[in-house]
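See structure below.
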Amino acid sequence: MRYSNYFLPTLKETPADAEVVSHKLMLRSGMMNKLAAGIYNYLPLGLRVIRKVENIVRDCMNEAGAIEVLMASVQPAELWEESGRWGYYGNELLRFKDRHQRDFCMGPTHEEVITDIVRSYVKSYRQLPVNLYQMQTKFRDEVRPRFGLMRGREFIMKDAYSFDTTEEGANNSYQKMRNAYCKIFEACGLEYRMVDADSGAIGGSFSHEFMVLAETGEDMVISCDKCDYAANVEKAIVIDKGEVATAPMLEVKRVVTKAAHTVADVAAMLSLPPNQIVKTMIVVADEVLVAVLIRGDHELNEAKIKNLLGAAVVELATAAQIVEATGGPIGYSGPVGLKLPIYADNAVKYLRNICVGGNEKEIHLEGVNLERDFKVRQFADLRNAEAGDSCPVCTGSYLNTRGIEVGHIFKLGTKYSEAMKATFLDADGKSNDIIMGCYGIGIGRTAAAAIEQNHDENGIIFPMAIAPFHVIITMVNPKDEEVARASVELYDDLQKAGIEVLLDDRDERPGAKFKDADLIGIPLRVTVGARGLKEGLFELQERRSGEREMLPIAETAQTIVSRVRKALNLRG
RNA sequence: CGGGGAGUAGCGCAGUCUGGUAGCGCACCUGCCUUGGGAGUAGGGGGUCGCAAGUUCGAAUCUUGUCUCCCCGACCA
């Protein structure tokens, strides 16, 4: 591609509304532009990158035996009513009516549609298993779109759905996708972790997230500093470890704590370390109130209490509910004399002489002890993991890092097939629900994550596999006939060899061209100038390291071809 | 949805407090000059100041309403 014929509007200055580096660089490099909040146009350069990511994903999916389809983006409400999600999904679902006043939505995901397709055609176990996927533009009316492609409302996603007749089959399908995902993110040149995740609202039995490690990530990832264990904060296991304190039990003492209703306030007022205070959180689990005890310096993990109780919904009680249940205002709840079932985090059982709320305005109790003063129905892992906690798998300890969720795989089970009657007849002629799995990858988010992980102060540094071009040839002075001739010759040779080349033939000052080349992140740059030509040399510069070398003109094309092939790991 | 901030030329911004008919840098167009890290020079084009109503002789500037965008929080496959 000749730059002079291309459409590549780079910006010298960063648009004011971009916050994170990938967003800034994608705007500055002319990869995309904004049409509305969370809605972007892909310009030619950005589209090339998107296509690269898509093709890597496509190759790996096909290799794993998945079959590509393309479903409708506009979906009828009936399907969503069948699965029960029309009422459940909330404002994130963009709904509208057609001219006949029938309800539709822009698809935010396609479980309903794919299940409808499969149930229409699949009747027999002989037709299974099958795994269908698509790359498609989805729409989720996010509360707060931000960070460019990282959290857009309209975004391209690869979503795959597997259908199996047995648990083993479904697990096998899941494993295949897991392996394919590892391949995909490796092929994209990303540093990532696969983490245990909570399966959340989509339902199902188990799930992994693929997180690209980056400081600007929106998710917290707990990972072991010694082994491969990594998990979402929601899910990270905190092992039950400790010894019961041996201090003699003190008498319970009432203390007045005016206007102190946070752990920090109480700790400061009574000169106690926060880990000697136990907070009593009142939560509502499917309309039943329970108390949860958490050490003062820890955080309650709502997903864990939800799973422990087997509840569908868990939320913190309102101030009014707390007053009614405990007799005291919010901030002064405690386990002593409390009429609710009490659950406690494991850490609580090792404490002696703790400080708790008195269930009375401005009163706390000190010297409180388990068993003597209150009873706990069940101890469990109920808090968020923290950096420094012990790894459940090895002897390492937890690190707290940030990640960008680029992929998520779920074993769904029969949630949708049951609701939507997607069944098959087994060898005995008996009807069964199909066992499903679903597997997503954010295509644009993957591209953005790659930039978060690969950039410097001058711009993007694309990994070869997803670079919009492999090489850029910078003509120092395109008006110099020798320079023009030699550049075009190299350009032709490289193209014939299947290398993707951008020829910067613009009549611009060299400095401007170098800056643009750096900004758009092409991995290799050949500089063709009168100075080098006199010696019969081209200059080859690597974007990432900045290393330059002078190559004889005759050898340059071949050197580049082998460098590109090597960087692509001989793929293609 | 709660809190905060911003809408003035393609981009980045000043001007608003104290009303007098819009400016700077970059980009763009033309000429000269220049060609290894966003040159120099001379000239030029481009804005109903987000929108609407109001106050006023006069509104980018004051008032009210409204829309949009950004940040923090809550929420989230």
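Bear in mind that the values here come from a model prediction, so they are computed numbers and not experimental data. Naming convention: chains lettered A, B, ... in sequence-line order (proteins, then strands); numbering from 1 in each chain.
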Sole residue of A/H23, A/M32, A/M31, A/E154 in side-chain contact (heavy atoms from CB on, under 4.5 Å) with A/L149: A/M32
A/V528, A/L503, A/V526 screened by side-chain contact (heavy atoms from CB on, under 4.5 Å) with A/Y491, the one that passes: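 When side-chain contact (heavy atoms from CB on, under 4.5 Å) is applied between A/Y491 and each of A/V528, A/L503, A/V526, only A/L503 qualifies.
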Rounded to whole angstrom, note down the [atom1] distance from [N] over to [M].
| N | M | atom1 | answer |
| --- | --- | --- | --- |
| B/rG2 | B/rC75 | P | 16 Å |
| B/rC29 | B/rU18 | C1' | 40 Å |
| B/rA9 | B/rG23 | C1' | 11 Å |
| B/rC62 | B/rC57 | C1' | 16 Å |
| B/rC70 | B/rC11 | P | 14 Å |
| B/rG3 | B/rU8 | C1' | 27 Å |
| B/rU21 | B/rU16 | C1' | 15 Å |
| B/rG38 | B/rC28 | C1' | 16 Å |

Would you indicate what [X] reaches in the nucleic acid, counting non-hydrogen atoms under 4.0 angstrom: base, sugar-phosphate, or nothing?
| X | result |
| --- | --- |
| A/D480 | nothing |
| A/D159 | nothing |
| A/R153 | nothing |
| A/Q541 | base |
| A/G90 | nothing |
| A/E405 | nothing |
| A/T14 | sugar-phosphate |
| A/R525 | base |
| A/P15 | sugar-phosphate |

Of the listed nucleotides ([options]), which one gets closest to any side-chain atom of [X]?
| X | options | answer |
| --- | --- | --- |
| A/F410 | B/rC71, B/rA77, B/rG36 | B/rA77 |
| A/E19 | B/rC71, B/rG38, B/rG36 | B/rC71 |
| A/V143 | B/rA74, B/rU35, B/rC76 | B/rA74 |
| A/F514 | B/rG36, B/rG38, B/rU35 | B/rG36 |
| A/D17 | B/rC28, B/rC69, B/rA77 | B/rC69 |
| A/H408 | B/rG38, B/rA77, B/rC72 | B/rA77 |
| A/V476 | B/rG36, B/rA77, B/rC70 | B/rG36 |

Does [N] have its OP1 or OP2 closer than 4.0 Å to a side-chain nitrogen or oxygen of [X]?
| X | N | answer |
| --- | --- | --- |
| A/R146 | B/rC72 | yes |
| A/R144 | B/rC72 | yes |
| A/K34 | B/rC70 | yes |
| A/R509 | B/rA39 | yes |

Taking any strand in view, what nucleotide pairs with [N] in a Watson-Crick or G-U wobble way, both distances under 3.5 Å?
| N | value |
| --- | --- |
| B/rU66 | B/rG50 |
| B/rA77 | none |
| B/rG2 | B/rC72 |
| B/rC26 | B/rG10 |
| B/rC57 | B/rG20 |

Compute the centroid of each ring, for A/F410 and then for A/H408, and state whether the two points are separated by less than 6.0 Å.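 Yes, the ring centres sit under 6.0 Å apart.
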Between P on B/rC24 and CD on A/E13, what's the gap in Å once rounded to a whole number? 16 Å
Interatomic distance where CG belongs to A/L316 and P belongs to B/rC75 [whole Å]: 9 Å
Ranking A/K158 and A/P145 by the position along RNA chain B of their nearest nucleotide, the one closer to 5' is A/P145
Hey, which of these two, A/E142 or A/R531, hits RNA chain B nearer its 5' end, going by closest nucleotide?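 Its nearest nucleotide being more 5', the pick is A/R531.
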For A/V476, is there any backbone N or O sitting under 3.5 Å from a side-chain donor or acceptor partner on A/T474? no
Using 30° and 60° as the class limits, which term best fits the ring planes of A/Y181 and A/F185: parallel, tilted or perpendicular?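 Aromatic pair A/Y181/A/F185 classed perpendicular.
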Does the B/rG37 base have a donor-acceptor partner in the side chain of A/D518 within less than 3.5 Å?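 In this structure, the two groups form a donor-acceptor pair.
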hbond_proxy A/E508 side chain to B/rG38 base (donor-acceptor, 3.5 Å cutoff):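 Looking at the base of B/rG38, it does not pair with any donor or acceptor on the side chain of A/E508 (distance under 3.5 Å).
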Sidechain N-carboxylate O distance under 4.0 Å for [X], [Y]:
| X | Y | answer |
| --- | --- | --- |
| A/D516 | A/R506 | yes |
| A/R402 | A/D219 | no |
| A/D141 | A/R153 | yes |

